[in-house]
Each structure stands twice: as structure tokens, then as C-alpha cells.
S.K.: 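One structure is given below, represented as C-alpha cells, and several questions about it will come after.
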Amino acid sequence: MQEQSPKINSLDAKDKAWSGRFNEPVAELVKRYTASVDFDKRLAEFDIQGSIAHARMLGKQDIISKEDVTAIEKGLNEIRQEIRSGTFEWLLDLEDVHLNIEKRLTDKIGDAGKRLHTGRSRNDQVATDVRLWLRSVVDDVIAGIRKLQGSILELAEQHVDTVMPGFTHLQVAQPVTFGHHLLAYFEMLQRDAERFADARKRINRLPLGAAALAGTSYPIDREFVAKELGFDEVCRNSLDAVSDRDFAIEFTAAAALVMTHLSRFSEELILWSSPRFGFIDIADRFCTGSSIMPQKKNPDVPELVRGKTGRVNGHLVALLTLMKGQPLAYNKDNQEDKEPLFDTADTLLVTLEIYADMLRGIKVDKTNMRNAAMEGFATATDLADYLVKKGTPFRDAHEAVALAVRYAVQQNCDLADLPLQELQKFSAQISDDVFGVLTLEGSLASRNHIGGTAPAQVKKAIAYAKQQLK
Ligand code: ARG
């Protein structure tokens, strides 16, 4: 759809939808302040879709004539084309997308156009439009999440047994495989996709028929409209249908969680790509240089994902706050739902897309990862477990290993570098088989259960994840 700014022109008083009630025209500034067409014209396709379904229902129920329905459909289809081709003239004077389209329809087809709004209000109309739009966004979001999960799996598959240090408190904790680390994000995104699929059920309900707030006196058929529009159900209470935006809040909350997950991931990519870590290299097409420091290669994309998370979290708070003070039923406050919602969808969708692509451009420095895992006494827990298996109570084993680590720190070496006799000073139960457990590979392989980091388990986890993506 082509972008155009709405024209500000003064319509004849008779063309305003509610002119009869007023003694003076709306102030210019108020007009600008209250109009939403600038942003809600984005709903046009869905508005037309909803209007066609409504018109067909009115015809089927003999509320308007079949000829009117035919004229309305034809007119709306033409308007859709005008909007798509960018020739449609949006007027700020007509406030929002709904009135702009309705006025154009009336200009085109006369009285039949004026009958379209029978048994309907902009209140149930806008709620319907937003739900239709959001439903299609949710489908795109789920597809985007799937794509990203796919590239996580691709990368994980290449690193089933690549060793890296696992961290707690950002201190080297225990060795893990890089594949295992990546699969943690697969899991987060898996729950995110579930959340959207679940939210979709509540989005996909039809408000139309609620009219302004109390329903309508015409013999409407809401089930018919729901079916036409692919809604699973109709909203069961007219006051609720036109006023609550919890479905939009839920969507935004789910979006904020995806962004939060990707923000965590980004934080890691940023750290790992810094020369201090040197674990990964992010392809140049996702980075920028510095205007002053010639040596710099900055991980802009992950940094922006982290930054944009703040923006989406902000939209969630905006929507919650928008809702909290509203008495039933519709209030104009709700017009403010659109910009945060649109921006949430745009930010999320583009982030998912760029992320899936960025992961494909990541190169891993296995040597640096491995060296880092060697440095931080990452197998100390394995030594404690070794002593436990030889009969030492865990707390005593923990203490013995802590002393050994302290000693190794003083000697500026790793546990595995200490000669057997020195290790034996910390526990008589240590014998020469200890070096097997002090290796990174031994440590990894021993964590061989569902959810563990052993390469054999990571392979299984990838196979399972692939099943889930199908
Ligand atoms: N532009 C309005 C919105 O976004 C449409 C509904 C207006 N309804 C009304 N009674 N003023 O919410």
C-alpha cells in the first residue's frame, strides 16, 4: 500500500457524519488531535473485508436490498483498488479510516453506501478491524518465530560437541556445548510461539453486532458474519466486545517476551563478539564501523534488538495504562491502542526476520571457546562429584575441591595441571583416574540425561526440536 499523508480540507458541513448535532465546526487543532486516519488507514483492507461481510449479512437478513449489497460490494472492491494503487484520497476531516471509506463509498454509489452502516457502529467496526489485522499479524509472527528457530537449529547442529564455558553470574561455571546453549533459545521461542497460538484464540472472536455498546434492534445474524470473516466465535457481551482491548495487551505481552528473550540472546552475542571473549564473529553485513575509530566493528543489530526491547516493553505498559481507567463501554481512549500495537508488530516482525538471517552469518571460534572453558575451573563440580562417588559426603567434597581451587589459583594453573600428589593433599580418595573427570569432554559426556549438555543428548534434543517445527 502506498503511503500518503491525509489531506486537510474542509468538507461541507452536510458531509460530516454527525454535523446535524453541532452549532459550530470542530476547531482545527481539535480536528488534528482527534483524527486517527493518519495511522488507522493501515486497517483499510480489514475494514473493507469487515464491511463486505456486514453488508452480505444485512442483505441475507433482508435489512437492506440485494441490489444495495451488490452495489456496496462493487464499490468497496473498487475502493480497495484505489487504496492499493495509492490514488485514494485520505481526508483528515473524515477523522478515521472508517469514515473515509464510507464517504468514498457513498460518493460512488449513493444511498446504498449510506445504508452500509445500518446496525453497526464504528465501535464494533474498529474492534473488528483490529482483531482481523492482529490475527494476520499473529500468523506472520508465528511463521517468523519458526524461521528463527530453524536457523538456531542449523547453528546448533554444527556445534553439538563444541565446548564453551557455561556461566552463572557471568562467571565460568561448568562446561557446556555451544549447541546446548543455543537450544535454550529454541525452547524460549517454542513457548513464545505457544503463547501467540493461544492468544490467537481470544483474538479471533467477532465484535460486530455489538454496535455502539448495547447491540442492535435489527434482526442481525452474527454467526453468519463470524463465519464470513473466519472468526471462531462471536464475542458474547456487547459492552465487553466494543470496549476491552485485552487481546491487544496479550499480544503485546507475548511480543515483549519474545523481545526480552532476543534481548538476552543479543546481550550474549555482543559479549561473545567482543575481543575479550572472542567466541564468535558476526558477519560484516550485520555490523557497522565507527566514524572515528578505524579498528571498530560494532554489533549494531544485537544492540538495537536489545534497545528495541525497551520500546516494545513500553508499548505493553502504554496499553495496560490505556485500559485501566476506562469505564464500560467504548471510550475514545481506545483509539490510542493502534500506534503502540502497530509499532509492536512492526518491531517484532522485522526483528525476527533479521535475527534468523544474522544467526546464519555467525562464525564460531572453537579454540577461544575451549580455552575459556579451560580457564575457570569449570570442572570443579565434576571433581566434587567424583569424590562423592568414592564415598565422600557432598558437602565435604565441595570443601575439599574449594581448597584445591584456591591452591590452583595461587599456583596460577588449572586443576588438571596439578600433579596427582598435590591433588591428593586435598582428599585421600583422589587417584589417577581423576584426570578423566577433569577433562572438558568427560564433564560434558557425564551429563547425559534429558535436558543435559552431553553431545549425545544435544543430538537427541535437536532431533526432537525438528519434530516440533514440523
Ligand atoms: N477511530 C476510532 C477508534 O480508533 C473509531 C471508533 C470511534 N468511535 C467513536 N464513538 N468515536 O477507536
Side-chain angles (χ1 to χ4, degrees), residues 5-8 11 15-22 25-27 29-51 53-54 79 83 88 90-106 114 116-135 137 203 205-216 235 238-249 251-252 315 318-345:
S5 293
K7 257 207 190 152
I8 318 204
L11 289 178
D15 288 327
K16 294 287 278 183
W18 51 80
S19 58
R21 166 76 174 70
F22 290 82
V26 175
L29 188 59
V30 173
K31 213 184 274 176
R32 288 175 187 275
Y33 193 73
T34 54
S36 54
V37 59
D38 235 337
F39 47 85
D40 67 16
K41 63 183 182 209
R42 179 171 176 163
L43 295 171
E45 294 269 343
F46 302 96
D47 194 69
I48 289 171
Q49 202 187 334
S51 287
H54 179 68
I79 291 170
I83 293 170
F88 188 91
W90 297 101
L91 298 177
L92 198 91
D93 258 320
L94 289 168
E95 199 176 308
D96 56 26
V97 60
H98 323 292
L99 295 176
N100 266 271
I101 292 176
E102 190 186 322
K103 168 74 167 54
R104 177 79 185 123
L105 183 66
T106 302
K114 295 187 195 164
L116 170 62
H117 212 52
T118 311
R120 178 177 87 166
S121 150
R122 277 186 300 155
N123 298 350
D124 56 347
Q125 187 179 355
V126 71
T128 303
D129 293 4
V130 174
R131 282 170 183 267
L132 285 172
W133 169 80
L134 196 54
R135 180 179 74 185
V137 168
I203 291 167
R205 294 175 188 166
L206 174 78
L208 271 182
L213 73 165
T216 173
C235 299
S238 64
L239 298 165
D240 175 46
V242 289
S243 66
D244 202 41
R245 295 292 183 264
D246 60 355
F247 64 91
I249 296 172
F251 169 84
T252 309
H315 293 327
L319 290 176
L320 283 165
T321 312
L322 169 72
M323 210 64 243
K324 74 177 274 292
Q326 288 192 49
L328 287 174
Y330 176 86
N331 302 279
K332 187 83 165 181
D333 311 40
N334 279 342
Q335 181 166 291
E336 286 288 309
D337 66 353
K338 286 167 206 63
E339 286 163 295
L341 199 52
F342 292 162
D343 189 68
T344 297

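Here, residue 1 is the first one in the sequence, and each next residue gets the next number. Just so you know, ligand 1 is whichever comes first in the structure, and atom 1 is the first atom listed for that ligand.
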S.K.: Can you confirm whether the side chains of Q326 and N334 place a donor and an acceptor under 3.5 Å from each other?
M.R.: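 N334 and Q326 do have a side-chain donor-acceptor pair below 3.5 Å.
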S.K.: With a 4.5 Å heavy-atom cut-off, do S51 and I101 have their side chains touching?
M.R.: no
S.K.: With a 4.0 Å cut-off on N to O distance, would you call K41 and E95 a salt bridge?
M.R.: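 Result for this pair is no, no salt bridge flagged.
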S.K.: Mark up the atoms of ligand 1 that fall under 4.0 Å of a heavy atom belonging to S36, in ascending order.
M.R.: 1 (N)
S.K.: Report the nearest protein non-hydrogen atom to atom 6 (C) of ligand 1: residue, atom name, distance rounded to 0.1 Å.
M.R.: Y330 OH, 3.5 Å
S.K.: Heavy-atom distance under 4.5 Å between the side chains of V37 and L94, does that happen here?
M.R.: no
S.K.: When you measure from atom 2 (C) of ligand 1 to every protein heavy atom, which one gives the shortest distance, and what is it?
M.R.: Q335 OE1, 3.3 Å
S.K.: Tell me which protein heavy atom sits closest to atom 11 (N) of ligand 1, plus the residue, atom name and distance to 0.1 Å.
M.R.: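 So the nearest neighbour among protein heavy atoms is R122 NH2, 3.5 Å.
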S.K.: Quick one: which ligand 1 atoms are inside 4.0 Å of a heavy atom on D96?
M.R.: 1 (N), 2 (C), 5 (C)
S.K.: Checking a contact table here: which protein heavy atom is nearest atom 9 (C) of ligand 1, and how many Å away?
M.R.: N123 OD1, 3.4 Å
S.K.: Is it the case that over 12 heavy atoms from other parts of the model lie below 6.0 angstrom from the CD atom of E336?
M.R.: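 Counting other residues, nucleotides and ligands, CD of E336 stays at 12 neighbours or fewer.
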S.K.: Rounded to the nearest 0.5 Å, what separates atom CZ in R245 from atom CG in D333?
M.R.: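 Rounded to the nearest 0.5 Å, the CZ-CG separation comes out at 10.5 Å.
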S.K.: K338: heavy atom below 4.0 Å from ligand 1, yes or no?
M.R.: yes
